[in-house]
Amino acid sequence: MKKVALILSIILLFVFSCSKTNDNEKSSISINLGPEPKTMDPTLNSLNVVSSYILHAFEGLTKIDSNNNVQAGMAESWDISEDGLIYTFHLRTNAKWSDGKPVTAQDFEYSWKRAVDPNTAAEYSYMMEVVKNAKEINAGDLDYTNLSVKSIDDYTFQVELVNPTAYFLEFIASTGVFVPVRKDIIEQYKDQWTLSPETYIGNGPYKMKERVVDEKIVFDINTNYYAKDEQVASEINFVLMSDPNTAIAGIRGGTIDFSALEPPSAEIETLKNDGYIVANNAIGTYYIELNITNKAFEDKRVRQALSLAIDRNYIVSNVTKGGQVPAGAFVPTEVRGLETTFRKENKEYIDVNNYEANVQKAKALMAEAGYPDGQNYPVIELKVSPGIYVLVGEAIQQMWKEALNVNVSLVQEEFPITLQSLLEKDYQMARMGWTGDYNDPMTMLDVMLSYSGVNHTGFENKNYDDLILTAKESADNSVRMKSMAEAENILMDEMPIIPLYYRADSFIKNPKLRGVVLNPLGRHKFNYAYIDRN
């Protein structure tokens with residue numbers, strides 16, 4: 001066994017920040033991340049933005065610090081077997097839930113097994129497949145109690161992996177499905193446990209103080225948290241809204257301090273000049289998700305044609321205007337590869353700089369599929385969220401009409417409503433985005449596994465699944481990267497999703513707000529934020 005022990009150090013930032021926040025007014029902040037979340041249950045959530053709420057109220061075995069590095073969380077140390085398969089975590093004996101009860105290894109065992117229990121129906125259950133037996137459980141071949149995790153005693157939790165996994169400690173720090181939840185609370189309050197401060201019991205640095213559906217979720221410091229004195233923001237008021245113009249007005253008027261909503265492209269330059277824009281490099285891709293079980297998209301030549309007929313350069317230059325990069329593939333540019341980045345080491349599948357040739361190829365594909373010049377092709381429906389996505393949808397609507405004579409009906413609705421349609425496969429097309437959970441191509445590519453809870457397309461490809469499995473099982477990074485490159489090639493040929501652009505965030509921020517920790521995976525931290533009133 002090799003011993004890995006981490007001792008948390010006090011970061012000077014905390015001391016500096018606390019010296020500036022001697023009263024509650026300075027350290028109470030208002031944050032807008034979007035509309036009412038579909039769920040705040042860490043096991044059930046699959047939305048990147050909601051993870052930010054969750055990781056303020058809950059903490060896993062490891063955590064991401066203010067420099068976006070992995071640090072000890074509920075586990076103060078751990079052992080890793082020589083073969084890299086068995087992790088033995090030693091929990092803090094002073095770790096407590098927000099109601100004062102101790103956090104134990106049994107809490108983690110219950111929570112991880114709950115994630116793969118088919119009765120839970122967690123969309124992220126497939127992410128547990130780094131753990132031995134999880135894949136067989138998800139396939140229905142084993143009972144969920146066979147997941148290879150166990151509490152050796154109250155403060156020792158052991159995990160056996162399928163294969164050595166280099167990103168495992170980062171993975172469990174940034175993905176909500178790995179945090180503990182309380183068995184007694186969930187059994188007593190069922191699906192209602194997340195809806196009130198009295199029952200939303202967490203183990204993280206903050207606890208729920210108030211919740212008003214569709215209006216706000218308020219957190220204050222969890223006084224039972226082992227590092228409560230390191231938290232700067234005494235209160236985080238998450239304001240629930242989906243209209244970026246309202247958010248901009250709130251920030252200019254001083255009622256909101258930060259908004260993660262994409263600002264309207266027409267406003268970006270003015271907001272930049274006025275000091276309200278903060279950029280963030282992100283690991284993610286925006287795309288259109290196609291329901292390929294729908295008759296309009298059964299033929300992959302149609303899907304390929306629709307993809308080719310989108311001028312991605314026009315969209316990022318004239319519509320989004322936020323520094324996004326046109327996407328010629330699914331895995332974004334920032335993701336690590338074998339030597340450099342995965343994108344540099346593998347081709348872009350769509351030549352985003354040759355739109356005229358792409359359109360000619362798209363016309364030919366539509367004709368081959370039996371729809372020359374769009375004849376006999378039905379009107380198709382694209383679901384878009386309010387704000388910038390409407391403008392992107394309108395641009396695509398025009399491109400498809402002009403290039404292919406295909407008519408598109410845009411449906412504007414809040415994303416939680418769209419998400420429900422996706423889950424039920426009651427849709428044709430929808431705007432979608434995926435932000436990674438860790439820095440590896442797998443964080444994107446396993447989304448499209450046939451049994452993934454967040455693959456809503458109906459895409460099922462055994463070769464794709466096998467290649468992803470090979471990448472997951474191999475300890476040889478060159479084998480892993482080769483398998484994932486081949487898998488992406490299949491995905492871009494079958495085209496159940498149409499990549500639009502790689503994510504680059506432009507957030508709206510009060511210039512006096514300090515200490516926000518932006519994260520490329522979207523797990524932004526507001527623990528150390530304050531308003532500088534000097």
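For this chain, numbers begin at 1 and follow the sequence in order.
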- prompt: Between Ser474 and Asp476, does any side-chain donor sit less than 3.5 Å from a side-chain acceptor?
  reply: no
- request: Might you confirm whether atom OH of Tyr314 has over 12 heavy atoms from other residues, nucleotides or ligands at distances under 6.0 Å?
  value: no
Under 3.5 Å side-chain donor-acceptor pair for Ser409 and Glu381: no
- prompt: Among all residues two or more places apart in sequence or in another chain, which pass the side chain to side chain contact (heavy atoms under 4.5 Å, CB included) test with Asn313?
  reply: Asp311, Pro326, Val352, Asn353
field: Within residues 461-496 or reaching into it, pairs that qualify as ring-ring contact (aromatic ring centres under 6.0 Å, His included) - sequence neighbours excluded
entry: Phe459-Tyr464
Hey, can you pull the donor-acceptor pairs under 3.5 Å for the side chains in residues 288-295, sequence neighbours left out?
from: Glu289; atom 1: OE1; to: His456; atom 2: ND1; distance (Å): 3.1
from: Glu289; atom 1: OE2; to: His456; atom 2: N; distance (Å): 3.2
from: Glu289; atom 1: OE2; to: His456; atom 2: ND1; distance (Å): 3.3
from: Asn291; atom 1: OD1; to: Thr293; atom 2: N; distance (Å): 3.1
from: Asn291; atom 1: OD1; to: Thr293; atom 2: OG1; distance (Å): 2.5
from: Asn291; atom 1: ND2; to: Lys425; atom 2: O; distance (Å): 3.2
from: Asn291; atom 1: ND2; to: Tyr427; atom 2: O; distance (Å): 2.9
from: Asn294; atom 1: OD1; to: Ala296; atom 2: N; distance (Å): 3.0
from: Asn294; atom 1: OD1; to: Gln428; atom 2: NE2; distance (Å): 3.2

field: Expected output: side-chain Asp437 to main-chain Thr175 donor-acceptor under 3.5 Å
entry: no
field: Nearest heavy-atom neighbours spanning Ala487 and Leu467
entry: N-CD1, 3.7 Å
message: Please enumerate all residues that pass side chain to side chain contact (heavy atoms under 4.5 Å, CB included) together with Ile417, with sequence neighbours excluded.
response: Glu413, Glu414
- request: State whether Asp505 and Arg503 are salt-bridged, where the test is any N-O pair (Lys NZ or Arg NE/NH1/NH2 against Asp/Glu carboxylate O) under 4.0 Å.
  value: yes
message: Quick test of your reading: applying side-chain hydrogen bond (donor to acceptor under 3.5 Å, both in side chains), list the pairs with at least one residue in residues 320-331, sequence neighbours left out, ordered by first then second residue.
response: Glu262-Gln324, Thr320-Gln324
query: Regarding Arg523 and Ser174, is there a side-chain donor-to-acceptor distance under 3.5 Å anywhere?
result: no
message: Can you see whether Asn138 engages Glu129 through a side-chain donor-acceptor pair at a distance of less than 3.5 angstrom?
response: yes
message: Going by the rule ring-ring contact (aromatic ring centres under 6.0 Å, His included), which residues pair with Tyr126 if we only count those two or more places apart in sequence or in a different chain?
response: none
Main-chain N/O of Ala329 paired to Tyr502 side chain as donor or acceptor, under 3.5 Å: yes
- request: Please examine the side chains of Val162 and Val131, heavy atoms only from C-beta on, and report whether any two atoms are closer than 4.5 Å.
  value: no
- request: Look at Glu494 together with Lys300 and state whether they make a salt bridge at an N to O cut-off of under 4.0 Å.
  value: yes
message: Is it true that, when you exclude Gln412 itself, more than 12 heavy atoms of the residues, nucleotides or ligands shown sit nearer than 6.0 Å to its CD?
response: yes
message: Within the 4.5 Å heavy-atom criterion, are Pro496 and Leu491 side-chain neighbours or not?
response: yes
query: So, does Glu473 use its side chain to make a donor-acceptor pair with the main chain of Asn163 at under 3.5 Å?
result: no
message: Going by the rule side chain to side chain contact (heavy atoms under 4.5 Å, CB included), which residues pair with Thr39 if we only count those two or more places apart in sequence or in a different chain?
response: Asp41, Leu44, Asn45
message: Run the ring-ring contact (aromatic ring centres under 6.0 Å, His included) test against Tyr287 and tell me which residues pass, sequence neighbours left out.
response: Phe330
statement: Sorted by chain and residue number, the ring-ring contact (aromatic ring centres under 6.0 Å, His included) partners of Tyr355 (sequence neighbours excluded) come out as none
query: Of the options Tyr53, Phe238, Phe507, which is the one that meets His524 in a ring pair (Phe, Tyr, Trp, His ring centres under 6.0 Å)?
result: Phe507
message: Among residues at least two apart in sequence or on other chains, which ones pass side chain to side chain contact (heavy atoms under 4.5 Å, CB included) with Glu424?
response: Gln420, Asp426
query: Taking atom CZ of Phe168 as the centre, does the number of heavy atoms from other residues, nucleotides or ligands within less than 6.0 Å exceed 12?
result: yes
query: Who passes salt bridge (charged side-chain N to carboxylate O under 4.0 Å, His left out) against Lys344, sequence neighbours left out?
result: none
task: Identify, with sequence neighbours excluded, every residue that meets ring-ring contact (aromatic ring centres under 6.0 Å, His included) alongside Phe157.
output: Phe108, Trp112
